[in-house]
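Predicted model only: the values in this text are computed from it and were never measured. The sequence lines fix the lettering, A, B, ..., with proteins before strands; numbering per chain opens at 1.
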Amino acid sequence: MNLIVEREKQLLELERRIEELREANTHQPIDMSPEIRAFEQKYREIQREIFGSMTPWEKVHMARHPNRPTSADYIAQLQAFDELHGDRTFRDDPAIVGGFATLGERAVMVIGEQRGRDTKENVRRNFGMPSPEGYRKVARLAHLAGRFGVPIVTFVDTKGADPSAASEEHAQSEAIAACLYEFTIVPVPIVATVIGEGGSGGALALSIADRIVMLEHSYYSVASPEGCAAILWSDASKADEAAAHLKLTAQDLQQFGIVDEVIPEPLGGAHRDAAGTIACVLNAIQTALGQLVAMPPDRLREARYLKYRRIGAWESERREAVRTGS
Amino acid sequence: MNLIVEREKQLLELERRIEELREANTHQPIDMSPEIRAFEQKYREIQREIFGSMTPWEKVHMARHPNRPTSADYIAQLQAFDELHGDRTFRDDPAIVGGFATLGERAVMVIGEQRGRDTKENVRRNFGMPSPEGYRKVARLAHLAGRFGVPIVTFVDTKGADPSAASEEHAQSEAIAACLYEFTIVPVPIVATVIGEGGSGGALALSIADRIVMLEHSYYSVASPEGCAAILWSDASKADEAAAHLKLTAQDLQQFGIVDEVIPEPLGGAHRDAAGTIACVLNAIQTALGQLVAMPPDRLREARYLKYRRIGAWESERREAVRTGS
Amino acid sequence: MPMPDWLRHRRNKPEESEEAALWTKCPSCGEVLYRRDVAANMWVCSRCSHHFRMSALDRISTLIDGDFTEIGTEVLPGDPLQWVDKKAYTTKLAADREKSKLSEGVVCGFGQIGGYNVALGVMDFHFRGGTMGTVVGERITMLLEEATRREVPCIIFTASGGARMEEGMLALMQMAKTTAAVARFIEQGNVYITVLTDPTTGGVSASSAFQSDVILAEPKAMIGFAGRRVIEQTIRQKLPDQFQTAEFLLEKGHIDMVVDRHEMKATLTRLLQYAAQGRSRVKAGSA
Amino acid sequence: MPMPDWLRHRRNKPEESEEAALWTKCPSCGEVLYRRDVAANMWVCSRCSHHFRMSALDRISTLIDGDFTEIGTEVLPGDPLQWVDKKAYTTKLAADREKSKLSEGVVCGFGQIGGYNVALGVMDFHFRGGTMGTVVGERITMLLEEATRREVPCIIFTASGGARMEEGMLALMQMAKTTAAVARFIEQGNVYITVLTDPTTGGVSASSAFQSDVILAEPKAMIGFAGRRVIEQTIRQKLPDQFQTAEFLLEKGHIDMVVDRHEMKATLTRLLQYAAQGRSRVKAGSA
Ligand SMILES: [Zn+2]
Ligand SMILES: [Zn+2]
């Protein structure tokens, strides 16, 4: 059960009522405009109340909203897309969608984690949880982008890597590790955008990047709130508490310097204005790429190295600052 | 049914007789030494008759002789062997044996195709026919040799790559192609030895090398004689004829300049003196490595390129000579 | 450099690019088709869109913008093994030269696709079943070496039964030779694309076909290392029809795309455009 | 540079390297063992050769020839998320410091193994379950960077429950940081070896553990990305005992060797010798 979906229900009910009144008002003598305005007033209040300031746990549910735009929705807005398939070995993983595309005037390699828009598709795409074959496809496409010399644009949206016996037997660890390695060395710009769920290592595999963008109500966490609660307190129902502890919101991560830019969402979430949100995101990616493509590959890689080299917080902060400075 | 094994039977019979006579001769008045010498004479005649000059088809059977030394028998004579396993993805293929070893004083990466010495082992090792996982292990170990800077020593002994549905589903073509690619670029010396069967692409995957050594009665062919006969004349029973056509003997291939050195086998085949044969082979490999390790990596790779660049025979020979010269 | 006669020829009346017979039957849907129409439709069945095996010359004329400069024509087959079975190898070669109007199993050269300079090699199944002998290996190697010098992308259309028996180990060694040329081409940062057409098997499949940056395939093309019959004998059971088809390989993750012949030039043009934009930036020294 | 006290200490009386309890029970065969004997036997059960989890300091003292120069000791944990649940994160850290006699979950430094200079990093499960937080990530990165400067092989013994919850995303980012350091180290042509000990899971397994040239593992070590319980909940059935053991991974082709603890130093020495011979020739500019 999705918290946000539940709360949207009362709003939808209210919307319906207002519509009815407007309708009625057109063909009856008494002007009910004041009452309607009151209703509309009420509507906005509730909306602000629900979405004005959301808790981390609410944001997690917003990130999981069934109508939230997925990678495919962003890719659909690109000028061209030639999807490439497979790990060259074993399988083409539908939980990963990637290929060459044109963003604005620019050739790019786009790679996204893809959940389903309905149950049937979710089954086919394993609810957006990539298998090792999927991550090997990611690493292959990233390497290919380097070969072609085109920037990499990724969309992160996964609960995490597929936790199945088959995935373990096919070396999930090795596959993710290979992705991280490739993203670290590939000599082209990388811009990653967290559009929904940023679940642990399965999300990191697509988001070692020169710029990381996040949607306002997406999350990115070292572990799923449920998993964290289960591990720390062996009680998954404490997920809301864990969500608060984990500092997983876009706002938290921007403070930590892990996320470079947060894209605001319309009141009520990205799905309330998918087209607008997607346009904002693609626009932000283009701007970031515009800055990055000017850099020589070596400087780009050096900057990427230092960016991650600096991440960390411990007592001997000063020593660290000195060290990375050198 | 192995032709050579069959013919060995009469010899073994004769051996037994001679033994009996010698035995008898020791405790009886009449000296039968002349008769014994006659038998021994006869034995040598038959032996020369059978093994003195073998047809290509007979050599194929010798190469397949169940007692013929396998890769493991050669590796067992190395000073040290640390076997490495797996394709890092899916499976460790027992049809490929490889790892770091010490040959003489020299650190090397040894990789061999491994058939079984008995039925049980043959089943486990898929009769020495590697799967894609096996070839991926080969490519990985070759790359690792390049990383460590140690020469590569391979032992070729396979009917061919595994022709199963599973191997096709795991991209046998891609796996072999990747081996060829790795052996072409790896910046360390490669010495390949065909010790038994050199079956088509499955053998080539381990034998793009700076020096290729072959045992006198091993074979190396574009296709198995049976396969060739089946394809050309849709009649596998014409395999002996195909063997003659294919020019698959060590002697033929040395003439074509594909094989650099042919190691003689004892009369009757390598298995008649395994220890001696193995010593000769390892000695030849050491000599070859001795010459190669002195070369700078770039020159080594350039020489390897030209070696293969030159292989080919067509009418406009002269143009070709000119082209590769440049 | 004038346009080769065969190319101008095809530009004018494609239908005569094949032997005279007026009608042909679609092996897939059984429809009887007028050859002229099939040829005009890029040898694709108008009813079930079955892709007929296409001659190298027809293929090139559907891909190249204008002129095409062929190379390697001086490299012609010899008979290194002095091979004679039912027929002499030289006789078989002569027959295929006659039948296919080709001097060997691959046509290589340079031209433009969608305005981008490319090195293009196209194998032809009608010449010795597209098998790779020393000439096919040599021409592909020459193409890759010249493409490396010119720093242009290389596209190879494969169609092959594997290595050519009648040239024995010299044929097998072409896998090594072409691989070495591919490796040099790739290491210099050039883009290599292969298009696997029906059939692509054996030695060609296990070398140049699967060493490329992007692997395309035509619908229903049969692609694999071991032949279907060999496998069925090994496992003693029939394989599903889908087995080893392009669509099967796509699902198994072996290839990047299955592309309809009518979309091939447009798709290749887009890929060349992505590469052109990227490579130019790399050469300019920026990311 | 004097030998660290703990190292001299262990060289003299290994048994005191663990808490006082005299007896311990083998979790595998149930045998009750005298701690002193187990410690003297490298924490391997003398009856069933079960490999007990070993402290980083004991481990190092069984591997390093003579002296060991520790680095990164000045890097100590902070509390970036101000994490407090049942206990405060800082309290947990203090408890583990007490329990393990370590300042954090990994000990890094330089020394010799079998006469070869190496960079050695050893994770310790007794400190926060070997989880990787910012300090573990920073120390491993420092080790790899210094090893890159010194051009010596790097060996890392992993033992980890994954990324450390209490440091949130800063912990996850250590996977990226250490990967970047590994990549630089490897690109410079240096040799990287990992030894996976019980347990190696999650974020450490999916980064530095599986990015090495050679991957060794201890017998029966549990190795994987997803935890066994998580998987069993997902597939709703029990997994075989073998699942995710080192032996299981060897069969699945994920790791190079399973090495008994008694053979570990000898095996590493041979690997270092192969590398030393090869790398030296490479640096001398010959193949
Ligand atoms: Zn049809
Ligand atoms: Zn025990």
Side-chain angles (χ1 to χ4, degrees), chain A residues 79-94 96 98-110 131-134 136-137 140-141 143-152 170 186-190 210 289 291-304, chain C residues 114 116 151 153-154 182-183 185-194 196 205-206 209-217 223 246-260 263-287:
Chain A
Q79 283 74 347
F81 178 52
D82 286 282
E83 184 170 4
L84 304 175
H85 297 271
D87 63 354
R88 286 272 194 276
T89 305
F90 187 72
R91 182 169 151 267
D92 180 55
D93 183 352
I96 295 289
F100 289 111
T102 306
L103 171 57
E105 292 300 291
R106 180 171 286 121
V108 299
M109 173 66 77
V110 59
S131 65
E133 293 78 55
R136 293 191 177 104
K137 172 161 67 167
R140 184 176 76 83
L141 295 186
H143 180 75
L144 188 56
R147 293 261 313 133
F148 271 57
V150 302
I152 297 168
H170 293 178
V186 68
V188 294
I190 309 173
D210 303 300
L289 287 179
Q291 299 156 359
L292 295 167
V293 289
M295 297 171 73
D298 291 351
R299 263 197 49 225
L300 183 76
R301 283 180 41 166
E302 176 68 14
R304 193 182 304 155
Chain C
Y116 296 99
E151 297 187 335
C154 181
V182 166
F185 178 73
I186 284 179
E187 282 193 321
Q188 292 302 311
N190 301 297
V191 166
Y192 176 40
I193 298 168
T194 48
L196 317 189
S205 177
F210 276 95
Q211 291 166 337
S212 50
D213 289 302
V214 179
I215 304 179
L216 312 182
I223 303 159
E247 293 72 13
F248 177 85
L249 264 62
L250 186 71
E251 189 187 313
K252 296 293 180 187
H254 304 183
I255 61 177
D256 284 298
M257 302 185 195
V258 175
V259 181
D260 185 283
E263 293 305 313
M264 191 59 74
K265 181 170 182 170
T267 304
L268 288 172
T269 302
R270 284 196 306 277
L271 291 174
L272 291 167
Q273 181 239 313
Y274 298 129
Q277 196 186 109
R279 300 303 310 160
S280 67
R281 217 180 29 251
V282 170
K283 281 169 191 155
S286 62

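Interface remark: of the candidates A/Ala80, A/Gly86, A/Gly146, A/Gly86 forms the most heavy-atom pairs closer than 4.5 Å to chain C. The candidate with the highest count of non-hydrogen atom pairs below 4.5 Å against chain C, out of A/Val108, A/Asp87, A/Asp298, is A/Asp87.
For the pair A/Arg140 and C/Asp213, the salt-bridge criterion is not met [side-chain N within less than 4.0 Å of a carboxylate O].
Heavy atoms closer than 4.5 Å to chain A are found in the backbone of C/Ile255, but not in its side chain. Using a 4.5 Å cut-off between heavy atoms, C/Arg279 contacts chain A through both its backbone and its side chain. Within the 4.5 angstrom heavy-atom criterion, only backbone atoms of A/Ala101 (N, CA, C, O) approach chain C. For chain A, no part of C/Leu216 is nearby; none of its heavy atoms comes within less than 4.5 Å. Heavy atoms closer than 4.5 Å to chain C are found nowhere in A/Arg301, neither backbone nor side chain.
Rounding to the nearest 0.5 Å places CG of A/Asp92 at 9.0 Å from CD of C/Glu251. In this structure, A/Phe100 CZ and C/Met257 CE are separated by 8.5 Å, a value rounded to the nearest 0.5 Å.
In this structure a side-chain-to-backbone donor-acceptor pair under 3.5 Å is present from A/Arg147 to C/Asn190. Looking at C/Gln277, its side chain does come within 3.5 Å of a backbone N or O of A/Glu105 through a donor-acceptor pair.
Of all heavy-atom pairs between C/Tyr274 and A/Thr102, the closest is CE2-OG1, 3.6 Å. Here the shortest heavy-atom pairing between A/Arg88 and C/Asp256 reads NH2-OD2, 2.8 Å.
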